[in-house]
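What follows is a single structure, written as structure tokens, with notes after it.
Sequence lines set the chain letters: A, B, ... in the order given, protein chains first and strands last, and positions in each chain run from 1.
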Number of protein chains: 2
Amino acid sequence: MRNTRADVVLAALRVLQAQGLEGCSMRRVAAELEVQPSALYHHVPNKQHLLALMADEIVDPVTAAESRDPRLLCIELRDAMLAVRDGADVVATATAFRLGSSEIEERIAELVGSDGARTLLLYTFGHAQSTQTHRQAEAFGALIDPPAGRHRDDSEAEPAAMSSDLDSSFERGLDIILKGLA
Amino acid sequence: MRNTRADVVLAALRVLQAQGLEGCSMRRVAAELEVQPSALYHHVPNKQHLLALMADEIVDPVTAAESRDPRLLCIELRDAMLAVRDGADVVATATAFRLGSSEIEERIAELVGSDGARTLLLYTFGHAQSTQTHRQAEAFGALIDPPAGRHRDDSEAEPAAMSSDLDSSFERGLDIILKGLA
DNA sequence: ACCTGAACACCGTTCAAGT
DNA sequence: ACCTGAACACCGTTCAAGT
């Protein structure tokens, strides 16, 4: 026995971490395993399926956690996604296909109802995604200019300060939703 | 004068509507304009920038609307995104680059504060994205699904009801957040 | 200013064939 | 069962050159 499906998923996660989602091609995953690209299709039907397996792996620590606090679960979920490069994108797209039947959504739904669970999860995914995109854009220096024709006045935040503020912004949004649920 | 930047954006939106985000390649947009792929780079620096321009165009009706009701603005935003194939994906990724400085976020922030605005927007994007992904999966499944000899039993969800339920699910989540803000 | 033609360095996926 | 080798039909982007 040479490579197993788990080997492929782990190799893919290494490539994701190193190259980002855009650089995470089947060909590079194959190279990481020192194998021809076509060999991957013996373990996985296609790239989309592989990405779903990667998403499961990223989220696994949260699934394993036994917390019954929705607030904590969301924070842990966000942390798990942010721990891997482009992890939020990978998890969010993979989960969209099974909204209403994901394990975490069901866990949270038992605590706050299904509307609340969906609201919390979509917010968590969205915030993680934009945190990650923003950080990456910042690292790249590729931030796009704000709408033309206007200037920032004193009431508005400095874009530079935004990124570090994203973590606490997440928890404040979370508390708004939880207050609405109470 | 042959093609203008606006022509490129409109052609790209036609290709997006017809082929979806995955099929919306620079080469296909060029073909839509009956032009060589390289010609596009005279109007637009790269694909990412073109996608941002497309996002602006998709969201434009909401920007033009004069409503001061955050609930209505979110519903209009979602409708605008859902009106174009994969529109939610296009807008969500393009907006992530300028979170904190998008025009709609500023409009809503004046009404409910910046934390509330971000929470509402991220929820709206997330819900629109998963609505669209789900509908697409449903439409794609409908081509394969109609199993002649088979009937759905009570343990299975009604696919037809699911899609329309996403609309009201969105508004219930919206109300949860708005209640938390009140 | 706007576009062509050709090239470069890539993609995901399939499939017969090897071991 | 797991993999190679070769191919197919694509990508985004660059760049000299045309008009």
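Rounded to an integer number of Å, the gap from A:Leu40 CG to C:dG12 P is 9 Å. The separation between A:Asp7 atom CG and D:dC3 atom C1' is 14 Å, rounded to whole Å. Distance NE2 (A:His49) to P (C:dT13): 12 Å, rounded to an integer number of Å. Between the NZ atom of B:Lys47 and the C1' atom of C:dC10 there is a distance of 14 Å, given to the nearest Å. We find that CD of A:Glu34 is positioned 15 Å from C1' of D:dT4, with the value rounded to whole Å. Rounded to whole Å, the distance from CG on A:Asn46 to C1' on C:dC15 is 17 Å. Rounded to whole Å, the distance from CZ on B:Arg27 to P on C:dT4 is 13 Å. For A:Leu21 and C:dG12, the CG to C1' distance is 14 Å, given to the nearest whole Å.
Residues B:His42 and A:Arg2 each lie close to DNA chain C; by heavy-atom proximity, the contact nearer the 5' end of the strand is made by B:His42. When the nearest nucleotides of DNA chain D are assigned to B:Arg28 and A:Gln36 by heavy-atom distance, the more 5′-ward of the two goes with A:Gln36.
With C1' as the reference atom, D:dA16 and C:dC3 are 13 Å apart, rounded to whole Å. A distance of about 22 Å separates the P atoms of C:dC10 and D:dA9, rounded to the whole Å.
In the set C:dG12, D:dT14, D:dC11, the nucleotide with an atom closest to the side chain of B:Tyr41 is D:dT14. The side chain of A:Ser25 sits closest to C:dG12 out of C:dC3, C:dG12, C:dT13. In the set C:dT13, C:dC3, D:dC3, C:dC3 carries the atom at the smallest distance from any side-chain atom of B:His43.
Residue B:Arg5 is out of contact with every strand shown, counting any heavy-atom pair closer than 4.0 Å.
The phosphate of C:dC3 has OP1 or OP2 within less than 4.0 Å of a side-chain N or O from B:Asn3.
Here the side chain of A:Gln19 pairs no donor or acceptor atom with the backbone of A:Ser25 at under 3.5 angstrom. B:Thr133 contributes a side-chain N or O that, together with a main-chain N or O of B:Gln129, makes up a donor-acceptor pair within less than 3.5 Å.
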Notebook entry, point to check: Where do A:Thr119 and B:His127 land on the side-chain hydrogen bond (donor to acceptor under 3.5 Å, both in side chains) test, with the steps shown first?
Noted result: CA-CA 8 Å; A:Thr119 307; B:His127 206 289; over 6 Å; no

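The shortest distance between side-chain heavy atoms of A:Leu111 and A:Asp69 does not fall below 4.5 Å.
For A:Arg107 and A:Thr63, the side-chain atoms include no donor-acceptor pair closer than 3.5 Å.
Shown here, D:dC11 forms no base pair; nothing in the strands shown gives a Watson-Crick or G-U wobble contact with both key distances under 3.5 Å. Judged by Watson-Crick or G-U wobble contacts below 3.5 Å, the nucleotide D:dC2 has C:dG18 as its partner.
Residue side chain B:Ser38 reaches the base of C:dG5 through a donor-acceptor N/O pair under 3.5 Å, judged by distance alone.
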